[in-house]
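The structure appears right after this line, and notes come after that.
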Amino acid sequence: MTPSISWCLLLLAGLCCLVPSFLAEDVQETDTSQKDQSPASHEIATNLGDFAISLYRELVHQSNTSNIFFSPVSIATAFAMLSLGSKGDTHTQILEGLQFNLTQTSEADIHNSFQHLLQTLNRPDSELQLSTGNGLFVNNDLKLVEKFLEEAKNHYQAEVFSVNFAESEEAKKVINDFVEKGTQGKIVEAVKKLEQDTVFVLANYILFKGKWKKPFDPENTKQAEFHVDESTTVKVPMMTLSGMLDVHHCSTLSSWVLLMDYAGNATAVFLLPDDGKMQHLEQTLNKELISKFLLNRRRRLAQIHIPRLSISGNYNLETLMSPLGITRIFNSGADLSGITEENAPLKLSQAVHKAVLTIDETGTEAAAATVLQGGFLSMPPILHFNRPFLFIIFEEHSQSPLFVGKVVDPTHK
């Protein structure tokens with residue numbers, strides 16, 4: 001008799017709270033030569049860059065009229081950890097779907113790279129709050145394969161919880177409490193429903209809170225129009241910042257590029273396409289161009305206007321990852337026999353990803369706006385992010401993309 005299939009759930013949650021606090025000070029630019037240049041750091045950044053763009057393009061393909069926000073680091077970390085317990089085609093599909101070339105990179109190097117990345121992200125930083133976590137929730141009568149358990153703990157810093165999935169409400173509470181605590185209460189009820197035969201849940205979260213090095217003054221925030229499309233306009237609170245900013249126009253992308261640093265080791269890259277050039281930007285953007293933006297900084301006198309906003313992303317990863325070639329894990333042919341010692345095979349019944357973004361000002365004593373100074377032969381650019389734009393948030397040491405987003409309508413949560 002064929003053994004019954006047990007269900008497992010993959011849950012990912014990301015929170016990005018970008019707070020341009022009035023307490024942040026304008027500090028010296030970081031010397032890029034001092035950044036972590038280890039091979040493991042750069043290897044994972046390259047693959048994550050490819051993976052992030054592939055995911056983004058798939059989301060655009062599914063809908064080009066909606067806000068997009070997700071964490072490629074969170075998704076890739078969870079699937080890479082799951083690959084530790086996969087075999088055969090299931091195993092190959094996962095790693096190749098994460099954009100790894102298995103003829104060039106050994107599996108050991110892949111997991112070592114993720115281990116190094118997580119150590120970098122969880123490094124204490126007095127200025128930047130950045131942390132990740134992995135939780136393995138296992139039915140109390142299920143025994144995990146020792147090798148999988150050991151590698152999940154060593155490479156992915158996974159915490160293991162024994163739960164009774166027969167008591168689904170209590171099991172949901174344990175999982176949701178883990179995510180809620182990890183995201184400091186910003187993501188609640190991450191799990192709304194557990195399949196009846198669920199015996200294993202893998203949860204990953206990432207939390208990021210940053211303060212701009214050059215903060216916005218809330219007194220300069222005014223209501224302004226944002227053009228969702230040619231026929232739709234909404235009113236949004238528009239933040240304003242003037243001074244020496246890292247902004248330039250990229251002819252290859254037909255877009256303006258703005259880099260804004262956080263106090264700590266993170267940078268946001270904002271991409272504002274020229275009128276009618278959003279599709280060109282989305283088709284042309286690649287990790288090589290982004291690397292050039294991060295390495296070749298160019299400050300100039302400028303003024304920017306960016307909407308204050310709060311958006312979120314909520315995705316079914318089966319529909320998102322399947323076009324990338326990760327399909328076997330979601331059907332009865334999945335081979336996750338390296339996870340448990342039980343006879344009943346595991347299948348990934350659900351894979352969900354939730355991410356929340358907030359960009360706003362806080363406090364009432366914002367730093368004074370930088371005074372525009374003369375001496376320039378040309379007028380400084382005035383950049384209005386008053387139409388759909390893209391952004392990517394990078395951790396500087398590893399140059400890994402933490403979050404990727406597209407703002408189509410800043411009034412939609």
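Bear in mind the structure is a predicted one, so any value in this text is a computation, not a measurement.
- Of the possible donor and acceptor atoms, none in the side chain of Gln399 sits under 3.5 Å from a partner among the backbone N and O of Ser291.
- Using modelled atom types, no side-chain atom of Lys172 and backbone atom of Lys193 make a donor-acceptor pair closer than 3.5 Å.
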N/O donor to acceptor pairs below 3.5 angstrom from side-chain atoms of residues 248-259, sequence neighbours left out:
{"from": "His249", "atom 1": "NE2", "to": "Asp274", "atom 2": "OD1", "distance (Å)": "3.1"}
{"from": "His249", "atom 1": "NE2", "to": "Asp274", "atom 2": "OD2", "distance (Å)": "3.0"}
{"from": "Ser255", "atom 1": "OG", "to": "Leu253", "atom 2": "O", "distance (Å)": "2.9"}

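- When atom types are taken as modelled, the side chain of Arg299 and the backbone of Met244 share a donor-acceptor pair closer than 3.5 angstrom.
- A donor-acceptor pair under 3.5 Å is formed between the side chain of Arg57 and the backbone N or O of Gln283.
- Distance alone, capped at 3.5 Å, places no donor-acceptor pair between the Asn386 side chain and the Glu225 backbone.
- Side-chain atoms of Asn67 come within 3.5 Å of backbone atoms of Asp409 as a donor-acceptor pair (strictly under, hydrogens ignored).
- With hydrogens and angles disregarded, a donor-acceptor distance shorter than 3.5 Å links the side chain of His91 to the backbone of Ser83.
- In this structure, Phe270 and Trp212 have tilted ring planes: the angle between them lies in the 30° to 60° band.
- Side-chain contact between Val404 and Leu55 is absent, with no heavy atoms from C-beta onward closer than 4.5 Å.
- Here the side chain of Asn314 pairs no donor or acceptor atom with the backbone of Lys354 at under 3.5 angstrom.
- One finds a salt bridge joining Glu151 and Lys147 here, because a Lys/Arg side-chain nitrogen approaches an Asp/Glu carboxylate oxygen to under 4.0 Å.
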Audit row: Lys87, Asp335, salt bridge (Lys or Arg N to Asp or Glu O under 4.0 Å) steps and yes/no: CA-CA 6 Å; Lys87 297 179 180 179; Asp335 187 347; 5.8 Å; no
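- Residues satisfying the side chain to side chain donor-acceptor pair (under 3.5 Å) test with Tyr315, not counting sequence neighbours, are none.
- The side-chain heavy atoms of Asp50 and Lys287, taken from C-beta on, include a pair separated by under 4.5 Å.
- Remark: Asn122 pairs with Leu118, Ser131, Thr132, Gln157 by the side chain to side chain contact (heavy atoms under 4.5 Å, CB included) rule, at least two apart or across chains.
- Between Lys173 and Glu170 there is no salt bridge, since no side-chain nitrogen of the basic residue lies less than 4.0 Å from a carboxylate oxygen of the acidic one.
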